[in-house]
S.K.: 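There's a structure below that I have some questions on.
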Amino acid sequence: MMPTRIILGYDGSPAATAAIEAGARLFPQASAWVAHLWTPPFGSASLRDRLWTGAEHVDEFVEAVEREGRREADRMAAVGVTLATAAGWPAEPLVVSSYGGEGLRFAELAERVDADLALVGSRGLGGTRAVLGSVSDMVVHFTSRPVLVVPYPLLIHEFAALAAGPVLVGYDGSAGAQTALTTAGRLFPTRTLLPATVQDAQDTDEAPHPPPAGNRAAARLRPAGGQGPHGRSVAAALAACARQHAAAVLVVGSRGRSAVREILLGSVAMAALHHAHLPVLVVRTTSAGVEHEPAGAGTQPAAAL
């Protein structure tokens, strides 16, 4: 079996560092690109202060900031590679300039290197600002690759579940749910998969969406109290079930709708990202009803882009 090829976003934050640690527990045999996006020619504030010599030399200042900023970006990526290597992954740096829109740029990189999985950390932002602003949200919306978002921080028991816990899959019988279940089986071939269905209050006792043959159902769930947007209540029920089973990952499907519609419609995927205290794998379904299948399966990371 070929190792999973992961592209991970690294910006030096505690959340990004924790994502590497969690990812290595979930995918111990993976290989990785460590992607660091930087914005020339502005660099860091401390770097600009060191280099500023006055307005009469502004061209030299911009050139120096871009040169030193690139060196700073290379150093940051090297730190991420060191952490990934220490965690057991063969890793290579991927340093790319970006003039804003880091989430969209990272999503583009995931497509270009043909990664099996995109891995990002989350600072646990919630509400409208997170949907419109965080890198992890934008990556989920704009890449066809499965995206694993690791919340920060994980508690001790949540981190312990990563090593061998089951994988809980939200399952409603739709093509998207089936794609999510198939993808979970491909990415976690040695783990127990637990499809879980969240039933509306008017559903009968008969399971409306029985899991496919060979999969053990975790539970038929009902949203607690029926309060809040539908997406949030379903995500809360799935997260509670994940805690009950000490699951390592919660897997949800997504149709890849726009960020503004996600706010209005209360997507289960986006609600899970913002409120579930365990890694969430979002599997996007294309218009054909299937996940994009990476074309370069079995190839190793290449540093040059």
Side-chain angles (χ1 to χ4, degrees), residues 4 6 8-28 30 32 34 79-80 83-84 86-89 117-127 129-131 133-137 139-140 146-170 180 184 187-188 190-196 198 218-219 221 223-225 227-229 231-252 267-283:
T4 301
I6 296 176
L8 64 93
Y10 185 74
D11 61 2
S13 67
T17 299
I20 294 176
E21 189 176 18
R25 283 223 163 188
L26 292 168
F27 301 98
V34 178
V79 171
L83 292 172
W89 284 350
L117 176 75
L119 172 63
V120 291
S122 170
R123 295 175 178 83
L125 295 176
R129 186 170 71 90
V131 173
S134 82
V135 171
S136 58
D137 283 332
V139 173
V140 168
V147 181
L148 181 68
V149 181
V150 178
Y152 177 81
L154 290 175
L155 302 182
I156 292 174
H157 70 279
E158 293 164 345
F159 183 78
L162 300 177
V167 175
L168 189 81
V169 184
L187 292 174
F188 300 100
T190 64
R191 304 254 183 167
T192 299
L193 300 186
L194 300 176
V198 180
L221 314 169
Q227 298 179 354
R232 181 176 294 189
S233 61
V234 171
L238 290 172
C241 186
R243 289 192 298 271
Q244 178 185 352
H245 290 269
V249 177
L250 170 61
V251 182
V252 291
S267 157
V268 173
M270 299 310 296
L273 286 176
H274 294 157
H275 303 288
H277 299 293
L278 79 163
V280 176
L281 178 68
V282 179
V283 179

S.K.: Please report the closest heavy-atom contact between A184 and V167, naming both atoms and the distance.
M.R.: CB-CG1, 4.3 Å

S.K.: If you round to the nearest 0.5 Å, how far is CG of L148 from CD1 of I6?
M.R.: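 One gets 8.0 Å once the value is rounded to the nearest 0.5 Å.
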
S.K.: Quick one, S122 and L273 - any side-chain contact, counting heavy atoms below 4.5 Å?
M.R.: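 Side-chain contact under 4.5 Å: no.
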
S.K.: What's the spacing between H274 NE2 and R232 CZ if we round to 0.5 Å?
M.R.: 9.5 Å

S.K.: Working to the nearest 0.5 angstrom, can you tell me the gap between M270 CE and H275 NE2?
M.R.: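 NE2 of H275 is found 10.0 Å from CE of M270.
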
S.K.: Does any part of the side chain of Y10, heavy atoms only, come nearer than 4.5 Å to the side chain of V79, both counted from C-beta?
M.R.: yes

S.K.: Return the minimal non-hydrogen interatomic distance between V280 and A272, and the atom names on each side.
M.R.: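 Minimum heavy-atom contact is CG2-O, 3.7 Å.
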
S.K.: If you round to the nearest 0.5 Å, how far is CD1 of I20 from CG of L83?
M.R.: 5.0 Å

S.K.: Looking at every heavy atom in both A276 and A239, which two are closest together, and how far apart are they?
M.R.: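 Taking A276 first and A239 second, the nearest heavy atoms are CB-CB, 4.0 Å.
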
S.K.: Supply the atom-to-atom distance L8 CG to W89 CH2, rounded to the nearest 0.5 angstrom.
M.R.: 6.0 Å

S.K.: What closest approach, in Å, do A248 and P279 show between heavy atoms, and which atom pair accounts for it?
M.R.: O-CD, 3.4 Å

S.K.: Is there a side-chain contact between L26 and R191 (heavy atoms, below 4.5 Å)?
M.R.: yes

S.K.: Heavy-atom count check: over 12 atoms from other residues, nucleotides or ligands less than 6.0 Å from L155 CG?
M.R.: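 Correct, the count exceeds 12.
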
S.K.: Is L154 close to L162 at the side-chain level, that is, under 4.5 Å between some pair of heavy atoms?
M.R.: yes

S.K.: Nearest 0.5 angstrom please: H245 NE2 to L250 CG, how far?
M.R.: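 Rounded to the nearest 0.5 Å, the NE2-CG separation comes to 12.0 Å.
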
S.K.: Shortest non-hydrogen contact from C241 to L168?
M.R.: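 Minimum heavy-atom separation between C241 and L168: SG-CD1, 3.9 Å.
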
S.K.: For D11 versus A16, what's the shortest heavy-atom pair and its separation?
M.R.: OD1-CB, 3.4 Å

S.K.: Measure the shortest side-chain to side-chain distance between L117 and L281 over non-hydrogen atoms and say whether it is less than 4.5 angstrom.
M.R.: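 Yes, at least one pair of side-chain atoms sits under 4.5 Å.
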
